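Start at 1 and go down the list; that is how both ligands and their atoms are numbered. As the structure is a computational prediction, the values presented were derived from the model and not from experiment.
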Amino acid sequence: MSAPKLKAPRGTFDIIGEQAFAREALEAKAKALLGAAGYERIETPVFEATELFARGVGESTDIVSKEMFSFDDGSGRSLTLRPEGTAPTCRAYIEHGMHKRRQPVKLWYLSSFFRHERPQDGRYREFWQVGAEAIGSDDPAVDAESITLLATLLAEMGVREVRLRLSSLGSPEARGVYRELLQAHLRANEERLSEEVRARIELNPLRAFDSDHPGTREVMRTAPLLLDHLDAADLDHFAEVQGMLDAAGLLYEVDPTLVRGLDYYTRTLFEFTSDALGAQSGVAGGGRYDRLVEQLGGPPTPGMGWAAGIERILLAGEAQHFAATPIELFIALGEDAKAVRREAFALLVAARSAGLAAQMELGGRSLKGQLGQAASLGARFVAIVGTGEAALRDMQAATQETVPLDTVVHAVLRSHHDL
Ligand code: HAM
């Protein structure tokens with residue numbers, strides 16, 4: 001008698017054949033795109049202290065309260081198979097003293113994650129994500145760059161019928177005041193809410209926006225919106241992010257009811273969905289997490305990032321091949337940095353769409369610091385952006401000329417051909 005055959009556990013799968021090729025192509029593309037934008041690879045352990053997720057992701061979230069695979073390590077300590085990558089990346093940032101490096105520190109990963117969910121198409125118990133985190137700068141250009149890179153990755157993977165929803169959660173302080181308003185609204189309409197939402201009025205009232213329950217949806221139609229209660233600095237940050245996305249020509253919808261299932265978010269919040277997918281339409285999501293590093297025991301450090309589900313990208317798109325390129329253009333901000341930031345960002349996007357490997361200043365550095373940054377990246381050209389023009393510096397030839405802003409990309413491309 002032969003031994004009974006064993007199968008992979010429910011909600012898990014083997015990666016073989018076409019799937020493996022498609023994933024290699026995706027990985028090559030992510031590496032080229034993110035590497036050219038200054039992101040370095042990070043891989044953290046598959047399991048971590050359970051406390052990391054309890055503190056980082058939040059006790060009241062579905063992920064921590066019911067979806068974690070946790071186990072005892074044999075000496076009474078609780079370990080958990082990582083359900084997501086942001087908290088581990090911040091743990092590593094702190095553990096390796098990365099705040100001493102040039103900021104922001106940009107890290108990306110392609111790893112598998114584990115959540116005890118009900119398996120269905122596009123939802124698994126072990127799944128893969130490609131993720132990118134930029135830690136150490138609260139510059140809205142970091143947000144815009146991060147979102148734009150993700151949009152490019154999804155486009156290059158041929159993900160169809162993509163939609164981007166964008167919102168801002170503001171600071172936890174402003175949110176505290178708003179929470180009370182929302183809780184009062186929920187309590188006043190308690191009898192019309194689903195049981196689940198009612199049970200979470202105290203702990204996590206914002207999740208009520210996510211409910212499919214008809215009564216709850218009705219109540220939420222007249223609920224106060226967080227976007228109407230942000231403070232001036234948060235509103236300004238959000239306007240800057242939108243201005244840069246506009247400058248990049250990226251389409252999005254501001255959705256004040258957007259909520260995500262992780263507690264660490266502050267300010268910018270976003271989600272990419274694809275209408276080509278079924279019920280599990282979320283392809284990617286992310287946002288800012290300006291308090292997370294501090295919550296995990298590090299110095300106060302802002303952060304911004306996203307993760308995209310690889311199975312969902314492959315379900316909604318097509319894989320192709322891609323080759324890596326070195327950094328060709330660094331875009332520095334001239335004297336009036338704030339005034340020229342959008343123009344600089346538009347130049348960054350134009351340079352990238354012309355096929356150049358380009359990066360822009362994101363760390364609020366002095367001009368000298370920016371040139372140091374460009375040199376450390378090995379950039380061949382630096383464009384120091386002013387209003388309508390740029391000083392284009394050839395780092396190799398040590399020459400510099402002032403040119404109209406809209407000719408920078410052409411000038412870099414031309415000298416490239418002359419090499
Ligand atoms: P998340 O929205 O929980 O965010 O997951 C990101 C993506 O992972 C989702 O949009 C989806 O494509 C995929 N995903 C999540 N759960 C599953 C599942 N059970 N099966 C298949 N795919 C799944 C995060 O994980 C955050 N760490 C993102 C982030 C990074 N925020 C800031 N930095």
Side-chain angles (χ1 to χ4, degrees), residues 9-13 15 23 26 34 39 42 44 48 52-53 56-58 61-64 66-69 81-93 104-135 142-143 146-147 149-150 153-154 157 159 162-165 167 169 207 210 258-274 276-293 302-317:
R10 227 163 92 73
T12 71
F13 49 84
I15 299 167
R23 282 158 192 261
L26 190 156
L34 297 170
Y39 281 80
I42 181 169
T44 59
E48 297 266 2
L52 172 65
F53 303 109
V57 175
T61 60
D62 280 353
I63 294 178
V64 171
K66 47 188 187 201
E67 294 172 358
M68 297 207 298
F69 287 96
L81 297 182
R82 57 185 177 198
E84 64 98 50
T86 309
T89 303
C90 289
R91 196 258 317 126
Y93 176 92
V105 173
K106 295 166 157 186
L107 301 164
W108 77 281
Y109 46 85
L110 192 151
S111 329
S112 68
F113 297 89
F114 306 85
R115 295 184 194 174
H116 194 280
E117 297 196 83
R118 196 165 44 80
Q120 54 180 272
D121 278 350
R123 191 203 268 167
Y124 311 97
R125 290 185 172 171
E126 180 181 10
F127 58 96
W128 291 72
Q129 286 183 346
V130 55
E133 315 287 354
I135 307 176
V142 172
D143 308 43
S146 167
I147 295 170
L149 286 168
L150 174 55
L153 180 64
L154 296 179
M157 290 305 298
V159 177
V162 179
R163 272 194 240 209
L164 167 58
R165 288 185 301 146
S167 189
L169 289 177
R207 292 296 300 210
D210 233 7
L258 180 64
V259 279
R260 296 191 22 79
L262 304 109
D263 276 356
Y264 47 62
Y265 292 117
T266 53
R267 293 190 159 176
T268 309
L269 188 75
F270 67 94
E271 207 153 75
F272 281 89
T273 53
S274 165
L277 294 172
Q280 304 302 314
S281 63
V283 178
R288 220 168 230 297
Y289 43 88
D290 289 345
R291 307 294 170 91
L292 180 57
V293 170
M304 163 79 202
W306 48 259
I310 289 182
E311 293 74 29
R312 295 189 194 173
I313 289 181
L314 296 179
L315 278 172

Quick one: do the Arg291 and Tyr264 side chains pair a donor with an acceptor below 3.5 Å?
no

Neighbouring residues of ligand 1, heavy-atom cut-off under 4.0 Å:
Glu84, Thr86, Arg115, Glu117, Gly122, Arg123, Tyr124, Phe127, Gln129, Glu133, Arg260, Leu262, Tyr264, Tyr265, Gly282, Val283, Ala284, Gly285, Gly286, Gly287, Tyr289, Gly305, Trp306, Ala307, Gly309, Arg312

Quiz: residues 125-133 side-chain donor-acceptor pairs under 3.5 angstrom, not counting sequence neighbours:
{"residue": "Arg125", "atom": "NE", "partner": "Glu117", "partner atom": "O", "Å": "2.8"}
{"residue": "Arg125", "atom": "NH2", "partner": "Glu117", "partner atom": "O", "Å": "3.3"}
{"residue": "Glu126", "atom": "OE2", "partner": "Ser112", "partner atom": "OG", "Å": "2.9"}
{"residue": "Glu133", "atom": "OE1", "partner": "Tyr289", "partner atom": "OH", "Å": "2.7"}
{"residue": "Glu133", "atom": "OE2", "partner": "Thr86", "partner atom": "OG1", "Å": "3.0"}
{"residue": "Glu133", "atom": "OE2", "partner": "Tyr109", "partner atom": "OH", "Å": "2.7"}

Using the salt bridge (Lys or Arg N to Asp or Glu O under 4.0 Å) criterion, which residues pair with Glu84? Sequence neighbours excluded.
none

Could you walk me through whether Arg165 and Glu271 pass salt bridge (Lys or Arg N to Asp or Glu O under 4.0 Å), step by step?
CA-CA 5 Å; Arg165 288 185 301 146; Glu271 207 153 75; 3.2 Å; yes

Once salt bridge (Lys or Arg N to Asp or Glu O under 4.0 Å) is applied, what residue pairs with a partner in residues 278-289 remain, sequence neighbours excluded?
Asp143-Arg288, Arg288-Asp290

Measure the CH2-CH2 distance between Trp306 and Trp108 for me, rounded to the nearest 0.5 Å.
9.0 Å

